[in-house]
Amino acid sequence: MVYYMLLRERINEIRQTKHIPIERFVRNGISKNKYYRFVSGEGSVSIGDLQKIIEILTVSLSELVAESDERDSLIFNEFGDYWQLSLPELRERASVFAHRYMQTQMKAHYIASTVYELLAGRKAGEDISDYVDELYKELKRQRFFTIFDLQVFRILMPQLNVARFFKLYEVFAVSLRTYENYNPADGIELMVKVHATALSYAISSTARAQKYLSFVIEQIEALQGRPFTSEFSIMKRFVSIVRLYQSGNVDAAKRAFDSFNGAAKRLDVQRLWVSPNLLDFETFWKRLISIDPSKLQESDTALKSAEIETVDFGVFGMGEAFAFIMKLKKLSVHEFELAGMSHSKIYRVRKNLAEFDVEDLFAGMLAARLDVRDIDVYLTASSAAMGRPRFGMRHLSLTELQEAITKYEALAEETGLDLYTEMSLEFRGVVIKNTVKNWLTSPELQQLSDDVKTHLEHFDEWHESQHRLASWAFLDETTDVGVGQRMEILLSFTRNAQVFKYPYDPILINFDPVLMQAILRQDVAKAQEVYQRLFAEYQARPDLQIYFNYRWHKLLNEQLLKVVQDGFVVPMTIEGVLRDVETVTGERRFIVPYLAILDAIREVYPAY
């Protein structure tokens with residue numbers, strides 16, 4: 001399989017560009033002989049060994065796949081850019097997948113072709129009812145959605161009537177539990193879009209609200225994952241107000257909505273922009289309060305999800321996970337045989353009598369219609385994952401984070417793994433931001449910045465794991481050459497962002513702290529230079545302007561720049577922005593570091 005060979009080559013290339021000695025693999029359970037036989041194409045490795053390899057390299061399977069021209073041999077975010085495509089491009093995609101289906105008879109290619117036929121027909125104003133029926137029938141028979149199915153549902157949902165939508169929404173909501181510990185960035189957006197659509201559909205009539213609203217609220221309240229994703233938090237805050245009204249606390253609900261809506265207007269958030277299917281907040285609220293709360297209680301015919309099984313990647317081995325997915329998605333053994341797995345191997349893997357190797361994994365992924373990022377989720381959530389705590393740190397207290405820092409520094413010394421070094425550095429940043437007074441100009445931050453720079457200088461190539469640390473490296477940088485070198489390697493990461501097709505910009509993400517630090521140091525020239533770069537980047541990325549996280553940071557940066565330009569601070573203006581952000585998100589954690597920065601600014605600049 002040509003693609004598999006390229007994966008091996010890419011693994012060895014990354015080992016070299018990150019200057020990782022082969023002895024590090026040996027220390028962590030992979031012999032020299034096994035490693036070199038694998039990368040030379042003379043042998044294979046198990047899924048357990050593959051997991052060790054990518055963690056030693058601090059890279060994800062998606063990043064390995066993204067950097068190969070043959071990535072289309074697998075399912076990889078097939079619909080990530082569908083809204084940007086012209087009619088001829090949609091027709092071409094439909095034709096490509098139809099041709100692949102004719103060659104392979106793999107159901108994934110047939111479904112993808114049907115999706116693009118639907119999208120092309122919708123854009124052309126044609127009758128698409130046959131495509132809608134076909135896709136609905138395919139999803140309806142499943143009791144579990146993986147990332148590929150979730151994407152199909154997102155595209156299909158505007159064409160579904162309310163009854164059909166909620167038939168699939170029930171499975172959608174339960175399937176999300178598999179992705180609670182780690183959810184790809186665009187998965188959060190998909191989650192918000194579908195849940196927001198469910199909210200609007202639920203109150204489209206009194207009868208439907210009675211049947212569906214409680215279920216929708218419960219699913220959104222139970223959501224886990226990435227609390228610092230703004231739209232995610234705004235949706236949860238809005239739903240908490242809806243819950244107040246539903247429970248009969250009408251006056252409290254109206255006060256809460258007035259406060260929420262006032263802050264939303266000042267921040268120019270009329271609705272969840274990432275979900276065009278959601279009514280604006282005011283329209284939704286007027287429709288909701290037109291229904292008496294007593295008629296919004298759960299009915300006997302309300303949706304139930306407790307009986308639907310889920311796949312827990314933190315518990316199951318790979319063979320068990322595939323067996324469970326086969327059962328819930330009602331997949332036949334024949335589909336796996338078409339993908340290249342023998343009947344006996346399928347049986348032995350499912351019964352844990354044999355272990356998946358990499359070739360089996362790729363064949364099984366295509367047969368089970370698994371996106372590459374499903375495997376990222378498995379490898380991250382697995383109990384064997386060394387980096388698992390990195391994605392669970394949002395649940396840790398500051399005391400637990402400090403204990404974890406000590407633990408991972410010791411593990412880094414013991415194993416030599418960059419992963420543990422990066423976890424300890426990342427956790428240190430969180431602790432400093434939340435515990436150190438004037439943290440942006442503190443010696444603790446200076447030391448962290450120096451340590452991050454020293455760590456990153458070992459690599460000629462960065463991946464997401466290194467990028468998560470990049471903002472610290474830009475702080476306290478004294479030379480333009482140093483900034484330029486780091487910026488060049490950081491911008492190279494946008495290649496992967498474009499392949500992954502999720503909204504991301506390294507400049508907008510990493511330059512905010514640099515601007516704030518320049519303001520605290522009263523460095524007018526640097527502050528203006530950084531702000532101009534930020535503003536120009538924001539203007540050049542209209543695709544990002546719908547996202548609240550970018551928009552409120554732009555608004556905050558405008559106010560901060562005025563401080564250094566005017567030579568004085570108007571605390572109420574900056575604090576007002578921050579309080580509004582807290583009001584619409586319900587998350588004080590969003591603003592705590594910025595309130596601390598405001599306190600530091602007050603010490604440097606006179607208040608007006």
Side-chain angles (χ1 to χ4, degrees), residues 224-230 233 387-413 419-456 465-477 509-522 549 552-553 556-557 559-560 563 569 571 574-575 577-579 581-583 585-605 607:
Q224 299 289 323
R226 300 205 183 195
F228 288 95
T229 304
S230 304
S233 297
R388 186 179 187 183
R390 191 171 196 170
F391 299 97
M393 71 174 180
R394 62 180 176 271
H395 303 301
L396 301 180
S397 67
L398 289 173
T399 300
E400 290 170 325
L401 283 170
Q402 289 169 323
E403 292 171 353
I405 291 167
T406 302
K407 172 184 175 181
Y408 293 127
E409 286 175 342
L411 283 169
E413 182 70 25
L419 175 67
Y420 289 132
T421 299
E422 290 169 2
M423 288 169 66
S424 67
L425 290 170
E426 189 170 351
F427 287 16
R428 277 172 60 190
V430 175
V431 171
I432 288 171
K433 285 176 69 173
N434 288 278
T435 62
V436 176
K437 182 178 174 60
N438 298 340
W439 63 273
L440 267 173
T441 54
S442 67
E444 290 89 345
L445 181 69
Q446 174 72 65
Q447 185 61 57
L448 174 62
S449 180
D450 290 344
D451 291 345
V452 170
K453 289 170 191 171
T454 300
H455 175 73
L456 294 180
S465 187
Q466 289 74 53
H467 174 259
R468 292 166 68 98
L469 297 170
S471 62
W472 305 113
F474 288 108
L475 293 166
D476 291 302
E477 180 58 69
I509 291 293
N510 287 286
F511 268 38
D512 268 6
V514 182
L515 171 65
M516 295 171 191
Q517 190 179 66
I519 291 168
L520 286 171
R521 290 179 173 165
Q522 298 179 288
N549 205 41
W552 83 262
H553 276 93
L556 180 64
N557 289 340
Q559 297 300 324
L560 291 173
V563 173
V569 59
I574 297 173
E575 192 168 351
V577 173
L578 296 175
R579 296 299 181 194
V581 171
E582 180 182 12
T583 298
T585 62
E587 289 279 0
R588 183 168 178 78
R589 288 178 294 177
F590 271 108
I591 69 168
V592 166
Y594 300 99
L595 288 173
I597 290 169
L598 178 58
D599 287 340
I601 288 173
R602 283 187 174 118
E603 295 179 10
V604 177
Y605 295 88

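Taken from OG1 in T421 to CG in L411, the straight-line distance is 10.0 Å, to the nearest 0.5 Å. E422 CD to L456 CG: the interatomic distance, rounded to the nearest 0.5 Å, is 7.0 Å. The distance from the OG atom of S424 to the CG atom of L401 is 12.0 Å, given to the nearest 0.5 Å. Rounding to the nearest 0.5 Å gives a distance of 8.0 Å between CE of M516 and CD1 of I601. How far CG of L520 is from CG of L560: 9.0 Å, rounded to the nearest 0.5 Å. Taking CG of L425 as the reference point, atom CD of Q466 lies at 11.0 Å (rounded to 0.5 Å).
Every residue two or more places apart in sequence or in another chain that forms a salt bridge (charged side-chain N to carboxylate O under 4.0 Å, His left out) with R521 is listed here: D476. Scanning for side chain to side chain donor-acceptor pair (under 3.5 Å) contacts around Q446 gives D450, with sequence neighbours left out.
Shown here for S233 and E587, the closest heavy-atom pair between the two residues is OG-CG, 3.7 Å. Closest heavy-atom contact between L445 and L440: CD2-O, 3.3 Å. Closest approach of G429 and L448 over heavy atoms only: CA-CD2, 3.6 Å. In terms of heavy atoms, L598 sits closest to P571 at CD2-O, 4.1 Å. In this structure, S230 and T585 approach most closely via the heavy-atom pair O-CG2, 4.5 Å. In terms of heavy atoms, W439 sits closest to P593 at NE1-O, 3.6 Å.
Within the 4.5 Å cutoff, the side chain of M423 has no heavy atoms near those of the R428 side chain. Y594 has its side chain within reach of L556: a pair of non-hydrogen atoms, C-beta onward, lies under 4.5 Å apart.
In terms of modelled atom types and a separation under 3.5 Å, the side chain of S449 and the main chain of L475 share a donor-acceptor contact. Side-chain atoms of Y605 come within 3.5 Å of backbone atoms of I519 as a donor-acceptor pair (strictly under, hydrogens ignored). Judged purely by atom type and a 3.5 angstrom limit, H455 has no side-chain atom pairing as donor or acceptor with the backbone of D451.
None of V563, L595, I597 except one satisfies the side chain to side chain contact (heavy atoms under 4.5 Å, CB included) rule with I574; the exception is V563.
Other residues, nucleotides and ligands place more than 12 heavy atoms under 6.0 Å from the CD atom of E444.
Remark: K407 does not engage E403 in a salt bridge, criterion side-chain N to carboxylate O under 4.0 Å.
Using the six-membered ring where Trp is involved, Y408 and Y420 have ring planes that are parallel, under 30° apart on the 30 and 60° scheme.
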